[in-house]
Amino acid sequence: MKAQCILCETVDELDDKKFKTKQLRNKPIRMYLCPECETRIAQKTVERINSGKFEFHKPKTKKFIEKPANL
């Protein structure tokens with residue numbers, strides 16, 4: 001199955017047996033992000049949360065994760 005990233009508009013060929021592909025096929029309203037964009041957004045989100053200027057609505061007892069998990 002081919003999917004187009006909503007941010008950079010690159011077209012990727014997805015494996016038909018993966019869970020993400022099945023989600024896109026069954027619910028086409030879901031948005032697809034390529035791995036590069038997904039990693040970039042995750043890193044920027046973590047940086048924004050750790051900056052202290054971001055108002056997180058859950059009680060923050062310790063520093064948020066330093067780097068995102070491998071996606």
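Please read all numbers here as calculations on a predicted model, not as lab measurements.
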ask   = Apart from M31 itself, what residues make up its hydrophobic cluster when side-chain heavy atoms of I, L, V, M, F, W and Y under 4.5 Å apart count as a link, directly or indirectly?
value = I6, L7, L33, I41

request  = Indicate yes or no for a side-chain donor-acceptor contact from T21 to the backbone of D15 under 3.5 Å, with no hydrogens or angles considered.
outcome  = yes

inquiry  = Please report the interatomic distance SG(C37) to CD(E9), rounded to the nearest 0.5 Å.
reply    = 10.5 Å

inquiry  = If I take atom OG1 from residue T10 and atom OH from residue Y32, how far apart are they, to the nearest 0.5 angstrom?
reply    = 6.5 Å

key: Under the side-chain contact (heavy atoms from CB on, under 4.5 Å) test, residues paired with K2 that sit two or more places apart   = V11, E13

ask   = Between CG of D12 and CD of Q4, what distance do you get to the nearest 0.5 Å?
value = 9.5 Å

task = Rounded to the nearest 0.5 Å, what's the gap from CE on M1 to CG on L14? Could you check?
result = 6.5 Å

query = Once you round to the nearest 0.5 Å, how far does CZ of R40 lie from OG1 of T45?
reply = 10.5 Å

